[in-house]
Amino acid sequence: MKKLVFTETALLDEEPFTTSEIIAEQAGIGHHTVTRLIRKYQKDLEEFGVNGFEIHKPTKGSKGGRPTKVYHLNEEQATLLITYLDNTEPVRTFKKELALQFFSMKDELMKRQALREMEKSTRLALTDAIKDWSYVNNWSYKQITDLICKTITGRNTKQLKQERNVPSDVSATDIYTSEEMVKYEHLEHKVITLLELDVTYEQVKDVLSGQTIEFTILIDKEKALNVTNQVNN
């Protein structure tokens, strides 16, 4: 089934919602019927939060038509509103799928929050490794984190923030998906090892792109094996 639950932005503290258009489409009824119910039971719905909405303008090039008010409903509001609909088979199917998608969205947000907390110590270790790096400059932290971001998402940090509709001062670790966050921390550990070996930025870039680099360093065999595993895995 199509996506039914959304967030305004990729930020961690966003509240998942569905829309009056989604409810109308999935229940097989007119959007005006849904919005009429929302207005009728507005006080009941507002017990679970503000009745947010957005205005959809007529499609460009279409003749006539008025802007449409599309309501945003959180999980409690949507659940309550659906109880006011006839319990048809499409409505029952929609109820189950909507409940599953709200649960999935909230579970993803909780995973992201937990992973972000776990990553904080790694981020501090990366910052320290950059400070002690022979090739450090004023842009090193940005260059390294941009490189990791691009390795995971195909975009640098600025581009990712723009795509995911968040302010420029938001940390990238606040907008990664849980899957991206796991990959990000894995690459942080790899970069920390590389910086401690004092390789160049270009060598770091080569490793993150999947290339194997060669360098000479005086270490014992056991440590050499551990370093090789950390760098090239």
Side-chain angles (χ1 to χ4, degrees), residues 5-16 103-215 217 219-220 222-233:
V5 178
F6 312 88
T7 54
E8 291 283 358
T9 72
L11 293 176
L12 284 168
D13 58 355
E14 290 284 5
E15 183 177 33
F103 174 82
S104 179
M105 179 71 78
K106 290 192 295 184
D107 185 57
E108 166 68 6
L109 289 171
M110 286 190 291
K111 283 180 182 177
R112 287 173 55 200
Q113 290 167 348
L115 288 166
R116 183 181 181 280
E117 288 301 311
M118 292 168 61
E119 183 269 342
K120 284 182 178 179
S121 60
T122 308
R123 193 188 327 159
L124 290 174
L126 176 62
T127 301
D128 290 340
I130 292 172
K131 287 178 182 176
D132 296 335
W133 187 34
S134 294
Y135 303 95
V136 66
N137 60 56
N138 291 337
W139 299 99
S140 292
Y141 186 82
K142 182 181 184 304
Q143 288 176 322
I144 293 294
T145 53
D146 267 352
L147 178 60
I148 298 174
C149 182
K150 194 163 187 176
T151 302
I152 298 168
T153 68
R155 296 159 181 76
N156 64 33
T157 308
K158 181 179 179 180
Q159 291 168 336
L160 190 67
K161 290 176 183 179
Q162 290 173 340
E163 182 181 275
R164 299 189 179 178
N165 192 29
V166 298
S168 60
D169 59 348
V170 170
S171 170
T173 53
D174 284 344
I175 63 174
Y176 288 131
T177 66
S178 60
E179 183 178 352
E180 290 168 346
M181 196 65 193
V182 170
K183 292 177 181 178
Y184 184 84
E185 187 168 14
H186 173 73
L187 291 181
E188 276 185 310
H189 283 293
K190 183 175 288 191
V191 170
I192 289 168
T193 300
L194 289 166
L195 297 183
E196 289 174 347
L197 293 172
D198 221 23
V199 303
T200 66
Y201 173 79
E202 288 304 319
Q203 288 176 308
V204 174
K205 189 175 180 179
D206 286 344
V207 172
L208 265 58
S209 69
Q211 298 182 46
T212 300
I213 64 171
E214 293 183 6
F215 49 87
I217 186 167
I219 51 180
D220 60 56
E222 183 179 355
K223 187 174 182 182
L225 178 61
N226 290 336
V227 167
T228 301
N229 288 336
Q230 290 179 63
V231 169
N232 294 316
N233 291 330

Note to self: Please report the interatomic distance CE(Met110) to CD(Gln113), rounded to the nearest 0.5 Å.
What the structure shows: 8.0 Å

Margin query: Using the rule side-chain contact (heavy atoms from CB on, under 4.5 Å), only one of Val136, Leu195, Ile144 pairs with Tyr201; which is it?
Written below: Ile144

Item checked: Sequence neighbours excluded, every pair satisfying salt bridge (Lys or Arg N to Asp or Glu O under 4.0 Å) that has a member inside residues 149-161 -> Arg155-Glu163

Check: Do you know which two heavy atoms are closest between Arg112 and Ser178, and how far apart they sit?
Finding: CG-N, 3.5 Å

Checklist line | Separation of Asp132 CG from Thr127 OG1 (nearest 0.5 Å) | finding: 11.0 Å

Item checked: Those residues that, when tested against Glu119, pass side chain to side chain donor-acceptor pair (under 3.5 Å) (two or more places apart) -> Arg123

Note to self: Can you confirm whether Thr173 sits close enough to Leu115 that some side-chain heavy atom of one is under 4.5 Å from a side-chain heavy atom of the other?
What the structure shows: no

Checklist line | Residues that Thr151 engages under side-chain contact (heavy atoms from CB on, under 4.5 Å), provided they are two or more places apart | finding: Leu147, Leu187, Leu208

Notebook entry, point to check: Should Glu108 and Thr177 count as side-chain neighbours, where that means a heavy-atom distance under 4.5 Å?
Noted result: yes

Item checked: Gap between atom NZ of Lys106 and atom CD of Glu15 - 0.5 Å precision -> 9.0 Å

Check: When you measure from the side chain of Glu14 to the backbone N and O of Leu11, does any donor-acceptor pair fall under 3.5 Å?
Finding: no

Notebook entry, point to check: Can you find a pair of side-chain heavy atoms, one from Leu194 and one from Gln203, that are under 4.5 Å apart?
Noted result: no

Margin query: Checking Ser134 now: which residues fulfil side chain to side chain donor-acceptor pair (under 3.5 Å) with it, not counting sequence neighbours?
Written below: Asp198

Next item on the list: Give the C-alpha distance, both sets of side-chain angles, the deciding distance and a yes or no for side chain to side chain contact (heavy atoms under 4.5 Å, CB included) between Leu160 and Val166.
Entry: CA-CA 9 Å; Leu160 190 67; Val166 298; over 6 Å; no

Checklist line | Which residues share a salt bridge (Lys or Arg N to Asp or Glu O under 4.0 Å) with Glu179, sequence neighbours left out | finding: Lys183

Margin query: Checking Thr122 against His189 for the side chain to side chain contact (heavy atoms under 4.5 Å, CB included) test, could you report, in this order, the C-alpha distance in whole Å, the side-chain angles of both residues, the deciding distance, and whether it holds?
Written below: CA-CA 7 Å; Thr122 308; His189 283 293; 3.6 Å; yes

Note to self: For residues 138-148, which residue pairs pass the salt bridge (Lys or Arg N to Asp or Glu O under 4.0 Å) check, not counting sequence neighbours?
What the structure shows: Lys142-Asp146

Checklist line | ring pair (Phe, Tyr, Trp, His ring centres under 6.0 Å) partners of residues 165-184, not counting sequence neighbours, each pair once | finding: Tyr176-Tyr184

Next item on the list: Answer yes or no: are there more than 12 heavy-atom neighbours, outside Phe103 itself, under 6.0 Å from its atom CZ?
Entry: no

Next item on the list: Only counting residues at least two apart or in another chain, list the ones meeting side-chain contact (heavy atoms from CB on, under 4.5 Å) with Glu202.
Entry: Thr200, Lys205

Notebook entry, point to check: Who pairs with Asn137 by side-chain contact (heavy atoms from CB on, under 4.5 Å), at least two apart in sequence or on another chain?
Noted result: Trp139, Ser140, Gln143

Next item on the list: Kindly compute the distance separating CG (Leu109) from OG (Ser104), expressed to the nearest 0.5 Å.
Entry: 9.5 Å

Notebook entry, point to check: Is Asn138 atom CG crowded by more than 12 heavy atoms from other residues, nucleotides or ligands, each under 6.0 Å away?
Noted result: no

Checklist line | Residues that Tyr135 engages under ring pair (Phe, Tyr, Trp, His ring centres under 6.0 Å), provided they are two or more places apart | finding: Trp133

Notebook entry, point to check: Of all residues at least two apart in sequence or in a different chain, which pass the side-chain contact (heavy atoms from CB on, under 4.5 Å) check with Asp174?
Noted result: Leu12, Arg116, Val170, Ser171

Next item on the list: Identify, with sequence neighbours excluded, every residue that meets salt bridge (Lys or Arg N to Asp or Glu O under 4.0 Å) alongside Glu185.
Entry: none

Next item on the list: For the pair Arg164 and Glu180, find out whether any cationic side-chain nitrogen is under 4.0 Å from an anionic carboxylate oxygen.
Entry: yes

Notebook entry, point to check: In Å, rounded to the nearest 0.5 Å, how long is the span from CD1 of Ile152 to CE of Met181?
Noted result: 8.5 Å

